[in-house]
Amino acid sequence: GNSVTQMEGPVTLSEEAFLTINCTYTATGYPSLFWYVQYPGEGLQLLLKATKADDKGSNKGFEATYRKETTSFHLEKGSVQVSDSAVYFCALNTNAGKSTFGDGTTLTVKP
Amino acid sequence: DTGVSQNPRHKITKRGQNVTFRCDPISEHNRLYWYRQTLGQGPEFLTYFQNEAQLEKSRLLSDRFSAERPKGSFSTLEIQRTEQGDSAMYLCASSQGSDSNQPQHFGDGTRLSIL
């Protein structure tokens, strides 16, 4: 079956530090890959996506590249802000459209 | 775009009672999904609809769980004879089309607590 493995958290960084959250996946076929973010007290919302190999998704300074050869979709940001503190979920969609999620990584950014 | 709406936000009930949750998706979205999320884990797929048809159910969805989407718009998720292990956040999401590249739009969830 499909599965997503995320880097375990929590992750604590100082403001302006570089962020990487690792995500690897196992899937049949060619899934689309997503990062969702959940801010405190809010629902999940899409951060970025990539739908085929070598695509790079980007939004709000975050980036992730679909790497088929390593089955990875690592999330990066060059300079984090306090407002980036949230839980980040890596997910994949199969042809059926339903999503398989990782367990989430909690990021705390300190001023 | 008014977003996905879920009601109630919180539900506290005694073990053995029945509960029903409602989800109103984004109006033009034909797909609707239910997930369950427990603390420290990601959402787990329960079931999904395309219009009014229920196309897939997870093995997590025991016979105490039933979901409907009678007119292809809002959906309800009912849990009968609730158990302690049913305590979780129940998330609803919707999307348009059937392509795997469509992201899902999530509601804020219904938190169920079983006493």
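Lettering follows sequence order; numbering is per chain, from 1.
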**Asked** With a 4.5 angstrom heavy-atom cut-off, which part of B:Leu55 approaches chain A: side chain, backbone, both or neither?
**Response** neither

**Request:** Could you tell me whether a side-chain N or O of A:Asn93 sits under 3.5 Å from a main-chain N or O of B:Asn101, the two making a donor and an acceptor?
**Result:** no

**Complete:** To the nearest 0.5 Å, atom CZ of A:Phe34 lies from atom CD of B:Gln102 at 8.0 Å

**Asked** Is the shortest heavy-atom distance from the side chain of A:Tyr36 to the side chain of B:Gln104 under 4.5 Å?
**Response** yes

**Asked** Would one find more than 12 heavy atoms of other residues, nucleotides or ligands at under 6.0 Å from atom CD of B:Gln96?
**Response** yes

**Prompt:** Is B:Gln80 atom CD crowded by more than 12 heavy atoms from other residues, nucleotides or ligands, each under 6.0 Å away?
**Reply:** yes

**Asked** Rounded to the nearest 0.5 Å, how far does OG of A:Ser99 lie from OH of B:Tyr33?
**Response** 7.0 Å

**Request:** For B:Leu39, look at atom CG and say whether over 12 heavy atoms of other residues, nucleotides or ligands are found less than 6.0 Å away.
**Result:** no

**Item:** Hydrophobic cluster identity match, B:Met89 and A:Phe101, side-chain contacts under 4.5 Å
**Value:** yes

**Asked** Should we say atom CZ of B:Arg64 is surrounded by more than 12 heavy atoms from elsewhere, each under 6.0 Å from it?
**Response** yes

**Prompt:** Is it the side chain or the backbone of A:Gln38 that comes within 4.5 Å of chain B heavy atoms, both, or neither?
**Reply:** side chain

**Message:** Surrounding OH of A:Tyr39 (heavy atoms of other residues, nucleotides or ligands, distance under 6.0 Å), is the total greater than 12?
**Reply:** yes

**Message:** More than 12 heavy atoms of other residues, nucleotides or ligands under 6.0 Å from CD of A:Glu42: yes or no?
**Reply:** yes

**Prompt:** In Å and rounded to the nearest 0.5 Å, what is the CD to OG1 distance from B:Glu44 to A:Thr100?
**Reply:** 10.5 Å

**Heavy-atom closest contact (A:Gly41 atom, B:Arg9 atom, distance)** = O-NH2, 4.5 Å

**Asked** Can you say whether A:Leu46 sits under 4.5 Å from chain B via the side chain, the backbone, both, or neither, judging by heavy atoms?
**Response** side chain

**Request:** Considering non-hydrogen atoms only, spot the tightest contact between A:Phe89 and B:Gly42 and give its length.
**Result:** CE2-CA, 3.6 Å

**Asked** With hydrophobic residues grouped by side-chain heavy-atom distances under 4.5 Å, do B:Leu77 and B:Leu112 end up in a single group?
**Response** yes

**Request:** Identify the heavy atoms of B:Gln37 and A:Leu44 that sit nearest to each other, and give their distance.
**Result:** OE1-CD1, 4.4 Å

**Request:** Could you tell me whether A:Lys98 sits above the aromatic face of B:Phe45, with NZ or CZ closer than 6.0 angstrom to the six-membered ring centre and within 45 degrees of the axis?
**Result:** yes

